[in-house]
Structures are given as C-alpha cells and as structure tokens.
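Everything below concerns the one structure shown next.
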Amino acid sequence: MRLSNYFLPVLKENPAEAQIVSHRLMLRAGMVRQSSAGIYSWLPLGLRVLNKIADIVRQEQALAGALEMLMPTLQPAEIWRESGRYDDYGKEMLRITDRHDRDLLYGPTNEELITQIFRDSVRSYKELPRNLYHIQWKFRDEIRPRFGVMRGREFLMKDGYSFDIDEANARRAYQKIFVSYLRSFKRMGLQAIPVAADTGPIGGDLSHEFIILAETGESEVFCHSDVLTQPVPEADYTADLTPVIDGYTQHYARSDEMHDAAKFEAEVPEDKRLTARGIEVGHIFYFGTKYSNAMKALVTGPNGKDVPVHMGSYGIGVSRLVGGIIEACHDDEGIVWPWAVAPFHIGLINLKPGDDATDALCEQLYQNLTDHNLDVLYDDRDERAGAKFSTMDLIGLPWQAVIGPRGAKAGEVEIKNRVTGEKQTVALEAAIKIMSQPPA
RNA sequence: CGGGGCUUGGCGCAGUCUGGUAGCGCACCUGGUUUGGGACCAGGGGGUCGCAGGUUCGAAUCCUGCAGCCCCGACCA
C-alpha cells in the first residue's frame, strides 16, 4: 500500500479525551475515531489489525473443530423472554421497537439465538458434539464506557457455543476451547493467564477468564508464577487434554473478584506469588442445561429418551484485544506491533521522492517484498524525513526500511527493528531476507 | 446511578473571576527557500465561543435549564 493513496489521519498531539495509552495511540495512529461514548469507527489501519486478530481466532477455532457462522445483531425479544433474560438483563440491553411495534434488541450475546437455531435443527444425539461460533458486533449499554475500545458499548466479540449429550462430553468441549484460547493469545504475542472465574448458579470448576498482563489493566491477578511458564500446547485435539489443562489449573490463579488471600498464602510459596494487573480478553464457561431446559433444546439419546443438551459458551473480545495488545506492546514513540497482528509488516520510507535512483530502488524493494507475501506500507509522500520517521514509529510496524539517495547509489537499504531500535545497512536481497521474519 | 471536571476553527489551548463584540501553537491553502529525525520566511482561508432561554445598551464572559464528553466508584468480552 502506498501511503500517498492511503487514509492515515495521524495526530501530532494527544487528544484530550484519551487518558490511557492504547486509546491515545489508537487515535493518534489513525486507527479509530470516536462516534459517541463507547462507539467507534474503525479506520483502515485499525480495521487491518482487527481483521488480523479475527483471522487468528478463526484459524485456531477451526483447528479445535468449531464452525463459523454469522448471527444477526438484532434479535427478537421473544426468545429472551423464553430464557427469562429479557427482564433480567436490565438497562445494559439496548431495546428497540420496529414499525410494527415488535420488540427487538441489539444482541449483547447469543445464547438464546443459537439455542433456538440448534433446537429447530437437531433431534438426535448422533449429531453431537457441535461447536458453533461467530464473530459479530455486540452492544452492551455500559453505565460508563471508557478506555477507548477496551470498554466500549459496541464491541466485536467472537462468541462460540458447544452442544453435548452430557457433562463429560461438555467438559471435553470446554477443554478444547481452553487450549485453543491459549494458542490464540500466544499467536497474538500475548501471555494469557487463565484464572478461575465465578461459575454462578451452575457451580463446579468450569469457568475461566483469560487475562493478559498490562499495567493499565482493570483486573488484578493473583497467581502462582509457575502458571506463566506452562507450555502452550500443540493443536492436537484428539489427545487427552486433561494433563495440559491441569498444568495450568493446578496452581492458584484468580482475579480480584475471586481472590482468597488466605488460600493464596497457604497454597503459594512466597517467592512464587505473583500479583499483577491485567485485561480480561477471554471468558469461557460451561452452563449445563440452563438454556436448553428453558428453551427446550432436546435431543433423543441412545436410550430413546429426550434429554436437554449440555452447553458451554466461549468469548474472546476481539476489539478489546486491539487495545489490549497496544497496552502490552508500546514505547514512548508509539505502538510496537507483534508480527502476527501488525497492520503491515514493513514500513518502507522513501527519503527523497522524485530522485530517480531512490524511487527505483524503493519500487524494486516494494515489489519484491510484496511478492514475498509481506504487507508493506510504502511512504512515498513528499514529506520531510523527520515526519516520516515519526509516523512510522507511531504506527509501530515491526520493520522499517529506509532508502535515500546515499543508499540508492550503493544499492543499500537501512533497516530498523522497531522493537529494539537497532539499525543495519544491508544490500537489497539481504534486506528482504531479514524482513521476511519477525524482528528478534 | 453517586462524586468530580470539561465543552472556544480539524487538534491542543488562552480568554470567563473584573461583560465592550474572539486569540495563540499545530494542521490546512499559495509563493519562495529548504530537505536523513515532526523546517523556515511571507501571504491567506476557516470559529461567533455545546444547545435553549433569561439579564443587559451590549454576553464566550453573569443567571436558569438541558445536552455531550472525560475521570473516580458500583457493573462487564
């Protein structure tokens, strides 16, 4: 992509309304614009990151056997009355009336709708297990939206739902998603800590929040530091996952909501106690037959009797992750994107557009990198060098490639590692080779 | 919803106390000089001061009401 053709409205100064770093940087880097409180437009650069995160989620969901679908944002009130949540949900739910005076709502989550779809289509245990998910915009009319996209009212969420014949099978479905979440966050360059979460009226041990560490996080995490060194498993979903899950869950790990100081001190040796702040980016739980009972989602079992299906639901805050990743990955100059979610891999800076040799070498490198399936943002604008450097640092692409008249004459490219700031001057071919890989 | 703060060109702000008809920096446009870390000079365009009402000869400034946004708390991916 040529920057001269792109829409990248960067801000030199910090917008007054943005208090936390990810919000400031997202506005400054031209990723989002606020529409109203907690509601954002995603500009081209921001949308690229959002899509990269969603694609990682998609790939990992597919490996775990989940199927993508797409449900609408607007749902009829009736099914929520069936489950009993229409009244329970309160003011957080945005209610809408159409021209025929029918009650609709902008979905804050999709248990009811997926349960309706499932019950209308599945009759036999032989069609189980199933795991269906979608990535769709949600709306929760938060009392106080804040922190940019981290706590928006409208947000993009991957939400998945599993259907099984009994609790034992549901537990297995839960484990698969547990593993897929560990893998997904890892691929995004994040260290996620699964912490025990409140299971509500269902009880049991099958609810976990996934929290990434960040200074500005809203949650406080208390855990055994060995949780941080647990291996992220291979995507082998035919294996017994229990040992992997136990590796994580055998140690104390809780957020402030569930924290038990006495238990923490009793179970965790002093030198292993980790207390840190974090951001909740995922939440999974098993809720048994809560919705299948209320909404009569029954299947006929092997014995010929109808039984309600056992369900679980699994959420990842896709739009929140954009902010979360920035909270975890930035420095004084701007964002420092992990390779896997970077909007572009490489920022190519032409220091002197109009200079024939410089233009030619830039074009050549741009073409070669693109041919290697790398995403390149080529700054071909007629701007001063300093402005280009600052913009590139701000938007945080993993590699910067700088070509000016000096280098063009020698056929050399200066490449900069955005993570370390380290620069080296190399020949064209070597530059391509180096920048094909994530910076160390 | 409770507490606090803010609202003046695209962005960041001053002016409000002590009413006199709007200013600064950045950005933008034109010309020139510059050109490896957010250039310089000259010229120029753009706001009636969140909205509504009131007081006054006169309101960004005083009064009343409303709205939006931000921060702290209770709630959430």
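We name chains A, B, ... by the order of the sequence lines, and we start the count at 1 in each one.
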- Message: Does the structure show a Watson-Crick or G-U wobble partner for B:G2, both distances under 3.5 Å? Name it, or say none.
- Response: B:C72

- Note on the structure: Across all chains, not counting sequence neighbours, the salt bridge (Lys or Arg N to Asp or Glu O under 4.0 Å) partners of A:E412 are none

- Message: Which nucleotide, if any, forms a Watson-Crick or G-U wobble pair with B:C26, using both distances under 3.5 Å?
- Response: B:G10

- Task: Mark up nucleotides 69-77 of chain B, 5' to 3', with B wherever a protein heavy atom is under 4.0 angstrom from a base atom, S wherever such an atom reaches only the sugar-phosphate, and - elsewhere.
- Result: SSBBBBBBB

- Query: With the sugar-phosphate defined as primed atoms, P, OP1 and OP2, and the base as all remaining atoms, what B/S/- string results for nucleotides 37-47 of chain B, 5' to 3', for protein heavy atoms under 4.0 Å?
  - Reply: BBB--------

Acceptor/donor pairs from residues 335-345 of chain A side chains to any protein atom, 3.5 angstrom cut, sequence neighbours excluded:
{"from": "A:W337", "atom 1": "NE1", "to": "A:I395", "atom 2": "O", "distance (Å)": "3.0"}
{"from": "A:H345", "atom 1": "ND1", "to": "A:D375", "atom 2": "N", "distance (Å)": "3.0"}

- Task: Sort and list the pairs that fulfil ring pair (Phe, Tyr, Trp, His ring centres under 6.0 Å) and have at least one residue in residues 44-63 of chain A, not counting sequence neighbours.
- Result: none

- Message: Enumerate the salt bridge (Lys or Arg N to Asp or Glu O under 4.0 Å) contacts for residues 73-82 of chain A, please, sequence neighbours excluded, ordered by first and then second residue.
- Response: A:R81-A:D103, A:E82-A:R119

- Task: Name every residue in residues 43-51 of chain A that has at least one heavy atom under 4.0 Å from any atom of RNA chain B, in order of residue number, or write none if there are no such residues.
- Result: none

- Item | Partners meeting side chain to side chain contact (heavy atoms under 4.5 Å, CB included) with A:D380 (sequence neighbours left out) | A:R2, A:L3, A:S4, A:Y378

- Using the test salt bridge (Lys or Arg N to Asp or Glu O under 4.0 Å), find all partners of A:E68 that sit at least two apart in sequence or belong to another chain. A:R58

- Message: Let's test this: given Watson-Crick or G-U wobble pairing with both distances under 3.5 Å, identify the partner of B:U48.
- Response: none

- Message: Both distances below 3.5 Å, Watson-Crick or wobble geometry, any strand: find the nucleotide opposite B:U56.
- Response: none

Donor-acceptor pairs are to be reported for all side-chain atoms of residues 419-435 of chain A against protein atoms at under 3.5 Å, with residues two or more places apart or in another chain.
{"from": "A:T420", "atom 1": "OG1", "to": "A:N417", "atom 2": "ND2", "distance (Å)": "3.3"}
{"from": "A:T420", "atom 1": "OG1", "to": "A:E422", "atom 2": "N", "distance (Å)": "3.1"}

- Message: Going by the rule salt bridge (Lys or Arg N to Asp or Glu O under 4.0 Å), which residues pair with A:E154 if we only count those two or more places apart in sequence or in a different chain?
- Response: none

- Message: Checking A:P108 now: which residues fulfil side chain to side chain contact (heavy atoms under 4.5 Å, CB included) with it, not counting sequence neighbours?
- Response: A:W80, A:Y89, A:M93, A:L105, A:R140

- Query: For B:U16, which nucleotide is its Watson-Crick or G-U wobble mate, given both distances must be under 3.5 Å?
  - Reply: none

